[in-house]
2 protein chains.
Amino acid sequence: MGPQDHCGELLLQLSSTGSVIRAVKRELRPGAPRGGFALLGMLSRCGDLRVGEVAELFEVDMSVASRHVADLEEHGWAERTPNPHDRRSWYVRLTPAGERMAQQRLAQAREVLADALEDWSDADIAALTDLLARLRTSFDARRVRTSDLSRTASGAKGL
Amino acid sequence: MGPQDHCGELLLQLSSTGSVIRAVKRELRPGAPRGGFALLGMLSRCGDLRVGEVAELFEVDMSVASRHVADLEEHGWAERTPNPHDRRSWYVRLTPAGERMAQQRLAQAREVLADALEDWSDADIAALTDLLARLRTSFDARRVRTSDLSRTASGAKGL
DNA sequence: TATTGTTATACTCTATAACTATA
DNA sequence: TATAGTTATAGAGTATAACAATA
C-alpha cells in the first residue's frame, strides 16, 4: 500500500518507454542521420546555447554535449559564435540547413507518433504530455535538493 | 492545429524521459551491476521466458536478448532449462539469488522514484502509469498493423 | 584557484551478418 | 528450407579523467 507500490508500477512503464523511443527512431527515414536529433530540436526551440547549457538541459556530461555539438558542426547544421563576455565559451546555433533538418526530422517523428496515437483523444495526449513534463520537473527539483544536502553534509554524495 | 501539434509536444517530452531514466540508473547503488536491470524485473514478473520472447517483449534484436541473458547467467542470477518440446530453445528463469537481486534493485529504484514524486498524488501517479501503458499498447498495435501490411505485400517476418 | 570546454579512453547498449543446431 | 539461438563485429551514446585556455 502507499505510494511506493504505485511507483513500482510506474517504474516498469518508464522502462518500457525506451522501447517506444527506439521504435520511433528506427522508423525515421534513413538518410538523415539520427545522431543529435534531440539536440537539433532543442537548438531549434531555444536558439543560442552554450555547450554547458546543452549538457545541463540533457543532463549529460559536458564531454558528451561537446561531442554532439561537434558532430552537428561537422555536418554543417550548427555553428559557433564567440561569447563576447567570456572568451572561454561559445554560443552554438543552428545554420539555416540545420534549421531545415530540425523541422524535417520533427515532422517525420511527429508523423510516426500521430499514426500510432490515431485513436487517442487530444485530451489524453495533452494529459500524458503534461504529466511527463511534471515528471521531469520533479526530478530536476530532487536533483537540486540532493546536491544541496550533500553540500551540507560534507562531501558524501547523496542517497 | 489538430492532433499533430499535440504530438510534437509529446515527442519532446518523451525524449526528455531518457534523462529521468538515466538519473534513476545513476543513483542505483553501485556494486549491483546495472546491466539487465529491466530484464531482471521482467523475469521476476513473468517467470520462464525463452530468449526470443525476451527479445519481443523488449523490442530488441534476439542477439541483444541473448547477450543480456548470458550476462545474467554469468552472474548466477539466471539459469536455463531445456524446452522438452523443442530442443533448439531453452527456458530462462531467475535463480533464488537472481530473485533477491531483482527485488533489491526494484526497491532501490522505487525509493528514488518515490522520493522525487513525494508531492504527487496517488491519482496522478496512477494516471501517468496508465497513459504510459496505453502508449506502449498503441505502439505495439501499430507495429502489428505495419508488419501486416508488409506481409500482405510479400511475406515478411511475423509479429 | 575555479570554470569552460575539448580530447582520450573505456564501457554499455544495440543492430547486422555469419554461423550452429534443431525442426 | 525455416526457425531458435549464439557469436563476431561495428556503431551509437555515455562517463571518467587528463588536459588547455580563460576568468
Side-chain angles (χ1 to χ4, degrees), chain A residues 15-28 30 32-40 48-75 78 80-92 157, chain B residues 15-28 30 32-40 48-75 78 80-92 151 154-159:
Chain A
S15 296
S16 82
T17 304
S19 302
V20 173
I21 294 175
R22 228 176 306 133
V24 174
K25 277 190 177 176
R26 256 197 304 259
E27 293 209 38
L28 291 185
R34 54 194 174 193
F37 162 62
L39 179 53
L40 271 177
D48 289 16
L49 290 174
R50 287 184 300 101
V51 172
E53 290 172 329
V54 170
E56 202 171 305
L57 285 167
F58 285 97
E59 294 189 51
V60 295
D61 191 85
M62 218 193 300
S63 66
V64 176
S66 175
R67 283 190 48 165
H68 283 200
V69 167
D71 187 58
L72 256 54
E73 210 176 1
E74 281 171 23
H75 285 85
R80 291 171 153 92
T81 57
N83 177 353
H85 303 304
D86 185 342
R87 279 185 302 174
R88 289 174 304 181
S89 67
W90 300 66
Y91 283 112
V92 184
K157 16 175 56 172
Chain B
S15 297
S16 83
T17 304
S19 303
V20 173
I21 295 175
R22 230 175 305 133
V24 174
K25 278 190 175 174
R26 256 198 303 259
E27 293 211 39
L28 292 184
R34 54 194 175 194
F37 163 63
L39 179 54
L40 272 177
D48 289 16
L49 290 174
R50 288 185 298 101
V51 172
E53 291 172 330
V54 170
E56 203 171 305
L57 286 168
F58 285 96
E59 294 188 52
V60 295
D61 191 84
M62 218 192 303
S63 65
V64 175
S66 175
R67 284 190 49 165
H68 284 199
V69 167
D71 187 59
L72 257 53
E73 210 175 2
E74 281 171 23
H75 285 84
R80 291 170 153 91
T81 58
N83 178 352
H85 303 304
D86 186 342
R87 278 185 302 174
R88 289 174 304 181
S89 67
W90 300 67
Y91 283 113
V92 184
R151 190 179 308 147
S154 75
K157 31 172 51 173
L159 181 45

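All figures in this text were calculated on a predicted structure; none of them were measured in a lab. Chain identifiers are assigned alphabetically (A, B, ...) following the order of the sequence lines, protein sequences preceding nucleic acid strands; residue numbering begins at 1 within each chain.
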Contact under 4.0 Å: [X] side-chain N or O vs [N] OP1/OP2:
X: B/Arg80; N: D/dT6; result: yes
X: B/Arg22; N: C/dT12; result: no
X: A/Arg67; N: D/dT14; result: no
X: A/His68; N: D/dA12; result: no
X: A/Ser89; N: C/dT4; result: no
X: B/Arg50; N: D/dG5; result: yes

For [X] and [N], what is the distance between atoms [atom1] and [atom2] respectively, to the nearest whole Å?
X: A/Lys25; N: C/dT14; atom1: NZ; atom2: P; result: 11 Å
X: A/Asp61; N: C/dT4; atom1: CG; atom2: P; result: 13 Å
X: B/Leu49; N: D/dG5; atom1: CG; atom2: P; result: 11 Å
X: B/Asp86; N: C/dA23; atom1: CG; atom2: P; result: 6 Å
X: B/Glu56; N: D/dG5; atom1: CD; atom2: P; result: 11 Å
X: B/Glu73; N: D/dG5; atom1: CD; atom2: C1'; result: 13 Å
X: B/Glu74; N: C/dT12; atom1: CD; atom2: P; result: 12 Å
X: A/Met62; N: D/dG13; atom1: CE; atom2: P; result: 20 Å

Need one value for A/Val60: base, sugar-phosphate or nothing, where a base atom within 4.0 Å counts as base even if backbone is also close, heavy atoms only. sugar-phosphate

Select base, sugar-phosphate, or nothing to describe what B/Val64 touches, counting heavy atoms under 4.0 Å on all strands. base

How many angstroms lie between OG in B/Ser19 and CD in A/Glu56, if you round to the nearest 0.5 Å? 12.0 Å

When you measure from the side chain of A/Arg80 to the backbone of A/Glu73, do you find a donor-acceptor pair of N or O atoms at a distance under 3.5 Å? no

Out of the candidates A/Ser63, A/Ser66, A/Ser89, only one should pair with A/Val51 under the side chain to side chain contact (heavy atoms under 4.5 Å, CB included) rule; please name it. A/Ser66

Nucleotide of C/dA2, C/dA23, D/dT7 approaching B/Arg87 most closely (side-chain heavy atoms): C/dA23

